[in-house]
Asker: 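For reference, the structure I am asking about is given below.
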Amino acid sequence: MKKLTIALLVVSLLLCVSCGKKETTAKTEAAPTATTATVVETPKTEASTPAKTEKTEPAAPAKYVRGDDEEIYNSVLGKYEELCMKAKAAATDSERFVLYAQAEAYLLDSAVMIPNTTQNGAYTISRVAPRTIPYVQWGNDDDRWKGIVVSGDDFLTPAEREELLSIWAQAVKGEAVYDPEAWLMEHGHSINKNYRVTFQTAPVTLDTLNTSSQSDTEILVNCVDGLVQYNNLGHMIPALAESWSLSEDGLVYTFNIRKGAYWSTSEGVKYAEVTAKDFEAGFHHMLDAAAGLEWLVEGVVTGVSEYLAGGSWDDVGYKAVDTYTLQVTLCQPTSYFLSMLTYSCFAPICESFYLSRGGVFGITEYADAYSDPNTYTYGKATDVSSQVYNGAFLLQQLNDTSIIKVVRNPNYYDPESVQLDSITWVYDNGENMQQYYKDVCDGVYAGSGLTEAAGTLALAKADGNFDKYHYISETTSTTYFGGLNVNRGTFALASGACASPKTEQQKIDTQTALLNKNFRKAMQFAFDKATVNATSRGADLATTNLRNMYTHPEFVQLDSDVVVDGKEWQAGTLYGELVQYYCDQIGAGIQVADGIDGWYHPEQARACLAEAKKELGTSVTWPITIDVVYYSPSAAQTAQAQAYKQVIEGTLGTENVVVNLIEATVSADFYACGYRASNGEAGNFDMFYGSGWGPDFGDPCSYLDTFLGNGAGYMTKVIGLF
């Protein structure tokens with residue numbers, strides 16, 4: 001996984017999770033029967049009095065009972081998984097892309113999830129020069145900020161941005177050198193070497209191999225380098241692997257590890273040289289921790305599945321051949337393997353430091369060690385000295401409610417690539433966006449998105465910054481989506497916060513309805529995303545960042561002509577065109593292009609609702625109640641929650657659907673209801689529309705595997721499963 005992303009829906013305050021592959025028997029979705037919530041009744045017993053005075057005991061009150069995850073998954077997404085497995089068996093990349101597109105069309109048509117938005121696409125003012133971070137759609141490198149160039153003076157004007165982007169485009173072609181720092185200085189700007197941004201959720205661990213949350217990795221990626229990286233031109237370049245080669249059969253990669261690169265303590269003291277053994281140790285530890293990263297390498301690196309099932313580490317194809325040589329053996333040729341290496345599951349750990357902090361190897365051994373915090377002290381978020389670092393920066397401060405700070409690593413092997421002396425994250429829960437905007441103008445922070453809900457757009461228009469400096473930020477490959485909880489297991493947090501007002505019968509009715517495909521489609525077709533989005537973006541940008549399919553529509557394209565099921569496709573066809581074709585073939589009623597409200601069809605929503613009412617008959621009592629949790633201190637979230645309630649109830653009628661807005665007054669409670677819910681059963685919502693996914697590597701399966709069944713896909717928890 002790359003990032004399960006959480007959107008607090010305040011521009012510039014965006015946060016961001018992934019898991020395994022087990023094949024299940026696919027079934028065509030059917031009307032809900034045994035998988036619906038059931039009424040539990042006390043059995044009636046024969047009366048001992050004469051027949052004429054016989055009395056029947058009253059039925060016990062209705063009681064909600066959660067259904068079986070596997071049965072429900074097979075009912076709603078079994079066909080999808082079947083098509084994914086067919087794609088995995090394809091002979092060529094182009095055939096695989098076509099088959100994945102067919103699978104994605106079925107995922108969308110199931111209406112268990114609805115893609116909403118992507119990042120950015122907002123009015124923005126900034127002092128940061130464009131394209132100074134790695135230019136890539138996947139992996140962790142877009143959070144690697146060592147190359148950021150920041151003006152120490154005014155915001156950049158649109159004309160300055162256009163000229164810099166023109167030079168960048170020439171540099172990509174090899175026709176120019178892109179040096180934004182020199183350019184800014186030549187044009188009267190000073191350079192700020194200390195970059196400050198805000199954060200809302202801090203890392204809960206410093207062990208990036210024991211987490212699958214972006215909020216844990218987005219800071220630490222600046223402190224740890226892997227084998228390769230992408231640069232700001234979009235080119236893969238050597239990092240700790242100076243060079244690499246691939247065997248003729250496409251199965252064995254050999255990486256030559258850079259000599260003279262070191263692990264350093266948080267205080268900048270050299271600890272040990274980086275070796276190939278550290279990469280082997282990192283991979284071994286990642287599999288032992290089983291924190292949601294291991295699924296990415298199952299079926300990719302030999303021996304992984306067997307090891308996770310209790311086999312020997314000796315059979316895993318990830319080995320240090322000698323001090324500076326790492327060898328990786330693949331299960332089959334994998335065209336996108338190198339693009340996987342920029343994700344955290346391939347990061348190294350300093351083996352000697354890990355062992356000194358109570359670390360051990362072996363799945364059972366690790367679980368036992370980890371359970372004892374007195375002896376296992378590796379990677380504790382409360383102690384920056386519990387980790388060592390080989391990257392451009394050293395972590396020196398981490399307080400989850402005030403400040404996180406990294407400083408330049410004096411022992412870094414590539415100092416010329418580092419533009420900054422420090423990066424500081426300051427805690428800001430988004431409650432006072434006017435003060436945040438003032439800080440941006442005063443140079444405390446480099447820039448900000450401008451939104452109506454936060455009031456920053458009005459401020460920028462009033463003081464002239466909008467007219468002089470604004471631009472529309474570029475959208476990304478991250479996709480935020482809404483999930484309908486088809487097997488809810490939690491109706492309040494352990495503290496009692498965010499409690500649902502539902503009766504037991506309403507809980508039963510809601511799940512029964514959500515297991516009906518036509519009801520789900522009615523809900524999704526009624527979701528006027530543009531109206532909801534406009535509450536924060538403004539009407540003029542209501543559709544700019546809308547996304548209508550899970551995978552970025554331009555994520556990949558066919559590299560050769562291919563014929564699939566009698567349909568001929570030409571080389572160069574974009575992935576989104578493939579998905580649209582299959583959506584049309586199955587009558588999904590969805591337009592998948594970016595920048596439009598491709599799902600909103602109020603008449604179709606009402607037609608689907610009418611069909612659902614026929615199919616459900618007397619099995620439910622109307623209206624169906626839908627719980628939506630929102631973070632009330634955020635003006636943007638509050639406005640969007642209210643807008644969601646308005647558009648759903650307005651389209652479907654309150655006699656049919658009522659949206660309960662459940663207030664979370666502290667951010668930790670909001671995260672616990674969805675983003676940090678440990679599994680599907682722990683999700684405390686009926687509709688959660690803030691989760692997102694950023695791809696880990698350059699293949700559609702990086703998105704689509706997240707909805708595989710039996711716990712294999714991490715994002716199924718956002719629809720209440722596994």
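No hydrogens, no waters, no symmetry mates; every other heavy atom, side chains included, goes into these values.
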Asker: Mind checking what makes salt bridge (charged side-chain N to carboxylate O under 4.0 Å, His left out) contact with Glu452, not counting sequence neighbours?
Answerer: none

Asker: Report the residues that fulfil ring pair (Phe, Tyr, Trp, His ring centres under 6.0 Å) with Tyr445, sequence neighbours left out, ordered by chain and then residue number.
Answerer: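 Tyr445 satisfies ring pair (Phe, Tyr, Trp, His ring centres under 6.0 Å) with Tyr436 once adjacent residues are dropped.
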
Asker: Is Trp138 close to Phe555 at the side-chain level, that is, under 4.5 Å between some pair of heavy atoms?
Answerer: yes

Asker: Any side-chain heavy atom of Pro180 within less than 4.5 Å of one from Trp168?
Answerer: no

Asker: Under 3.5 Å, is there a donor on one side chain and an acceptor on the other for Asn231 and Tyr178?
Answerer: no

Asker: Checking Asn232 against Thr132: is there a side-chain donor and acceptor pair closer than 3.5 Å?
Answerer: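 No, Asn232 and Thr132 have no side-chain donor paired with an acceptor closer than 3.5 Å.
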
Asker: Under 3.5 Å, is there a donor on one side chain and an acceptor on the other for Asp428 and Thr198?
Answerer: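 Short answer, no.
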
Asker: Taking the six-membered ring of Tyr370 as reference, does the NZ or CZ atom of Lys380 fall below 6.0 Å from its centre and within a 45° cone about the axis?
Answerer: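 Relative to the ring axis of Tyr370, which defines the angle, Lys380 lies inside both limits.
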
Asker: Answer yes or no: is there an ion pair linking Asp207 with Arg357, defined by an N-O contact shorter than 4.0 Å?
Answerer: no

Asker: With sequence neighbours left out, write down each residue that passes ring pair (Phe, Tyr, Trp, His ring centres under 6.0 Å) with Trp263, or none if nothing qualifies.
Answerer: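 Partners of Trp263 under the ring pair (Phe, Tyr, Trp, His ring centres under 6.0 Å) test: none.
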
Asker: Any donor-acceptor pair under 3.5 Å linking the side-chain atoms of Asp627 with those of Asn660?
Answerer: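 Yes, because at least one side-chain N or O of Asn660 sits under 3.5 Å from a partner of the opposite role on Asp627.
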
Asker: State, without any angle test, whether Thr401 and Asn399 hold a side-chain donor-acceptor pair at a distance under 3.5 Å.
Answerer: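 On atom types as modelled, these side chains qualify, holding a pair under 3.5 Å.
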
Asker: Excluding sequence neighbours, so at least two apart, what forms salt bridge (charged side-chain N to carboxylate O under 4.0 Å, His left out) with Asp467?
Answerer: none

Asker: Show the numbers, then the answer: is there a side-chain contact (heavy atoms from CB on, under 4.5 Å) between Phe466 and Leu457?
Answerer: CA-CA 8 Å; Phe466 180 82; Leu457 181 59; 3.7 Å; yes

Asker: Just by distance, with hydrogens left out, do Glu663 and Tyr630 show a side-chain donor and acceptor under 3.5 Å apart?
Answerer: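 No - no donor-acceptor pair under 3.5 Å links their side chains.
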
Asker: Could you check whether Ser667 and Asn429, counting side-chain N and O atoms only, form a donor-acceptor pair closer than 3.5 Å?
Answerer: no

Asker: What do the steps show when you test Thr531 against Gln646 for side-chain contact (heavy atoms from CB on, under 4.5 Å), and what is the final call?
Answerer: CA-CA 10 Å; Thr531 293; Gln646 180 181 356; 5.9 Å; no

Asker: Decide whether Tyr675 and Ser215 meet the rule of one side-chain donor and one side-chain acceptor closer than 3.5 Å.
Answerer: yes

Asker: Give a yes or no on whether Lys405 atom NZ has more than 12 heavy-atom contacts from other residues, nucleotides or ligands under 6.0 Å away.
Answerer: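 Not more than 12 within 6.0 Å, no.
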
Asker: Report the residue from Thr117, Asn545, Asn116 that forms a side-chain hydrogen bond (donor to acceptor under 3.5 Å, both in side chains) with Asn533.
Answerer: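 When side-chain hydrogen bond (donor to acceptor under 3.5 Å, both in side chains) is applied between Asn533 and each of Thr117, Asn545, Asn116, only Asn545 qualifies.
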
Asker: Under the ring pair (Phe, Tyr, Trp, His ring centres under 6.0 Å) rule, collect the residues that match up with Tyr644, sequence neighbours excluded.
Answerer: Phe527, Tyr689

Asker: Check each of Val136, Asp141, Val221 against Gln229 using the side-chain contact (heavy atoms from CB on, under 4.5 Å) test, and report the only one that passes.
Answerer: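 Result for side-chain contact (heavy atoms from CB on, under 4.5 Å) with Gln229: Asp141.
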
Asker: Holding to ring pair (Phe, Tyr, Trp, His ring centres under 6.0 Å), I want the full list of residues that pass it with His189, two or more places apart in sequence or in another chain.
Answerer: none

